[in-house]
Amino acid sequence: KGKEKGKNEAQFFNPDWMESRSQSLALTADLRLALSENQLEVYYQPKVQLQNGKIVAAEALLRWHHPTLGFVSPEVFIPLAENSGQIVEIGKWVIEQACEKLTIWRKINASFSIAVNVSSIQFKRGDLSEFLKKTLQKYQLPGQSLELEFTESLLMANTQEVASELQLIKQLNTSLAIDDFGTGYSNLSYLQNFEIHTLKIDRSFMYELRENKKNIAIVKAICQMAHSLNMQVVAEGIEDAETAEIIKGFDCAIGQGFFWHKPVPADAFASLIQTDNVASKSDHPEL
Ligand code: C2E
Ligand code: MG
Ligand code: MG
Ligand code: MG
């Protein structure tokens with residue numbers, strides 16, 4: 001466990017650079033070429049079953065290899081892509097990449113799914129449900145092989161447009177997850193209104209969980225609430241065995257974090273699930 005540490009330690013370009021407006025404009029201009037110049041890559045981070053560490057799903061996480069700056073963090077370039085509107089095109093590209101990998105990886109594990117982050121801008125400006133429908137058809141994938149991670153702010157908007165677009169997406173059987181749960185709003189009525197499947201507890205709550213009684217109380221309460229509303233919980237940002245143990249004690253089924261695996265390129269991910277599948281078969285020869 002934790003053996004991946006260090007290996008994929010990307011040295012991200014320092015966001016302090018972004019303080020200047022001209023620099024952020026320059027980076028936005030560079031980003032326009034990123035897709036056509038093959039500088040974007042989707043990494044995949046395993047989501048594991050807490051009981052046995054078996055990989056059940058992945059989150060698709062975008063990476064930008066800038067020609068002179070090296071790796072630029074998505075925390076830096078996603079907001080730029082949102083401001084310029086480019087997130088619509090980039091977001092579609094990520095979904096297409098994920099679907100292509102799903103066709104391969106579901107041959108190894110038939111119930112495998114990939115979660116894709118969807119920006120509010122992409123959701124509001126794009127034809128997301130249409131695109132999803134078309135792409136799922138193209139790759140002959142069932143809707144439940146994809147999960148969409150939204151932020152609370154999108155669902156809080158609670159406009160007619162958001163509601164009807166979500167309705168269309170739900171008809172595709174695609175699951176909806178709330179990302180970074182717990183950091184946004186306290187009005188939880190949208191959880192019921194939109195039939196959310198999954199809550200992803202924000203990783204800030206996992207930090208020093210063992211020593212932090214308040215965070216323990218929050219995480220526990222989120223897990224309880226999710227269970228009584230029949231939602232799945234994913235605890236993200238788990239970095240050590242103690243945290244994994246605590247979370248397991250709250251009946252949380254799925255974890256994601258550096259303790260198990262960091263995000264890795266598609267090829268590395270393929271070997272991870274290949275190995276994982278063989279290992280879990282020999283653990284349970286009856287399967
Ligand atoms: P997120 O969706 O909350 O993704 C989880 C982030 O937590 C990822 O950061 C992941 O690398 C990191 N993480 C996972 N486990 C651990 C851990 O144990 N410890 C720590 N310290 N970090 C962990 P990443 O890849 O830098 O992405 C940052 C954010 O950028 C994402 O947060 C998401 O909001 C956004 N993003 C990434 N890819 C996309 C994309 O394709 N589309 C959109 N719209 N947003 C994206
Ligand atoms: Mg996410
Ligand atoms: Mg998150
Ligand atoms: Mg986040």
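Read the numbers this way: they start at 1 and go in the same order the structure lists the ligands and their atoms. If you're wondering where the values come from, they're calculated on a predicted model, not measured in any experiment.
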* To do: Quick one: do Ser119 and Asn117 satisfy side chain to side chain donor-acceptor pair (under 3.5 Å)? Show the steps, please.
  => CA-CA 7 Å; Ser119 150; Asn117 292 285; over 6 Å; no

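- Of the heavy atoms in Gln45, only side-chain atoms (C-beta onward) come closer than 4.0 Å to ligand 1.
- Other residues, nucleotides and ligands place no more than 12 heavy atoms under 6.0 Å from the NZ atom of Lys220.
- Considering backbone and side-chain N/O atoms, Leu62 comes within less than 3.5 Å of an N/O atom of ligand 1.
- Considering backbone and side-chain atoms alike, Glu59 places an N or O below 3.5 Å from some N or O of ligand 1.
- When heavy-atom distances to ligand 1 are checked against a 4.0 Å cut-off, Ile78 comes that close only through its side chain, counted from C-beta outward.
- Interface atoms of ligand 1 facing Ile238, defined by a heavy-atom separation under 4.0 Å, are 18 (O).
- For Glu236, every N, O or S atom stays at 2.8 Å or more from the Mg ion (ligand 2).
- Note: no N/O pair closer than 3.5 Å links Ser73 and ligand 1 by distance alone.
- Every atom of ligand 1 with a heavy atom of Glu236 under 4.0 Å away is listed here by number and element: 3 (O), 5 (C).
- Looking at ligand 1, you'll find an N or O of Asp180 within less than 3.5 Å of one of its N or O atoms.
- To the nearest 10 degrees, the Mg ion (ligand 2) sees OE2 of Glu59 and OE1 of Glu149 at an angle of 90°.
- In the candidate list Phe150, Tyr43, Phe258, Phe258 is nearest to atom 13 (N) of ligand 1, counting heavy atoms.
- The angle that Asn117 OD1 and Asp179 OD2 make at the Mg ion (ligand 2), rounded to 10°, works out to 80°.
- The local environment of CD in Gln140 is sparse, with at most 12 non-hydrogen atoms from other residues, nucleotides or ligands closer than 6.0 Å.
- No side-chain heavy atom of Asp251 sits less than 4.5 Å from a side-chain heavy atom of Cys223.
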* To do: Please lay out, stage by stage, how Lys133 and Gln171 fare under the test side chain to side chain contact (heavy atoms under 4.5 Å, CB included).
  => CA-CA 10 Å; Lys133 189 176 174 183; Gln171 285 165 12; over 6 Å; no

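- Residue Glu130 places its CD atom among 12 or fewer non-hydrogen atoms of other residues, nucleotides or ligands, all under 6.0 Å distant.
- Taking the side chain as every heavy atom from C-beta outward, Val233 and Phe181 never approach each other to under 4.5 Å.
- Atoms of ligand 1 lying under 4.0 Å from at least one heavy atom of Asp179, given by number and element, are 1 (P), 2 (O), 3 (O).
- Smallest separation of non-hydrogen atoms from Val219 and Phe250: CG1-CD1, 3.8 Å.
- Contacts of Pro263 with ligand 1, taken as heavy-atom pairs under 4.0 Å, involve the side chain alone.
- In this structure, Trp105 and Phe269 have tilted ring planes: the angle between them lies in the 30° to 60° band.
- In terms of polar-atom proximity, defined here as any N/O pair under 3.5 Å, Gly257 makes no such contact with ligand 1.
- The heavy atom nearest to atom 20 (C) of ligand 1, considering only Glu239, Lys262, Met206, Gln122, is found in Glu239.
- Residue contact check: Val94 has heavy atoms under 4.0 Å from atoms 41 (O) of ligand 1.
- Considering Gln97, Arg63, His65 in turn, His65 is the only one that fulfils the side chain to side chain donor-acceptor pair (under 3.5 Å) rule with Glu41.
- Of the N or O atoms in Gln256, none lie within a sub-3.5 Å distance of an N or O in ligand 1.
- Among the atoms of Asp180, no N, O or S atom falls under 2.8 Å of the Mg ion (ligand 2).
- Side-chain contact of Glu239 with Tyr207: a donor-acceptor pair under 3.5 Å is absent, judged by distance alone.
- Of the listed options Arg63, His261, Glu75, Glu75 places a heavy atom closest to atom 29 (C) of ligand 1.
- Across Val116, Thr135, Val94, a single residue satisfies side-chain contact (heavy atoms from CB on, under 4.5 Å) together with Cys99, and that is Thr135.
- Electrostatic pairing of Lys92 and Glu89 does not count as a salt bridge here, judged by no charged N lying under 4.0 Å from a carboxylate O.
- Under 4.0 Å from ligand 1, not a single heavy atom of Asp202 appears.
- Between Phe112 and Tyr44, the ring centre distance reaches or exceeds 6.0 Å.
- Neither the backbone nor the side chain of Lys200 comes within contact range of ligand 1; no heavy atom lies under 4.0 Å.
- Not a single heavy atom of Gly91 sits closer than 4.0 Å to an atom of ligand 1.
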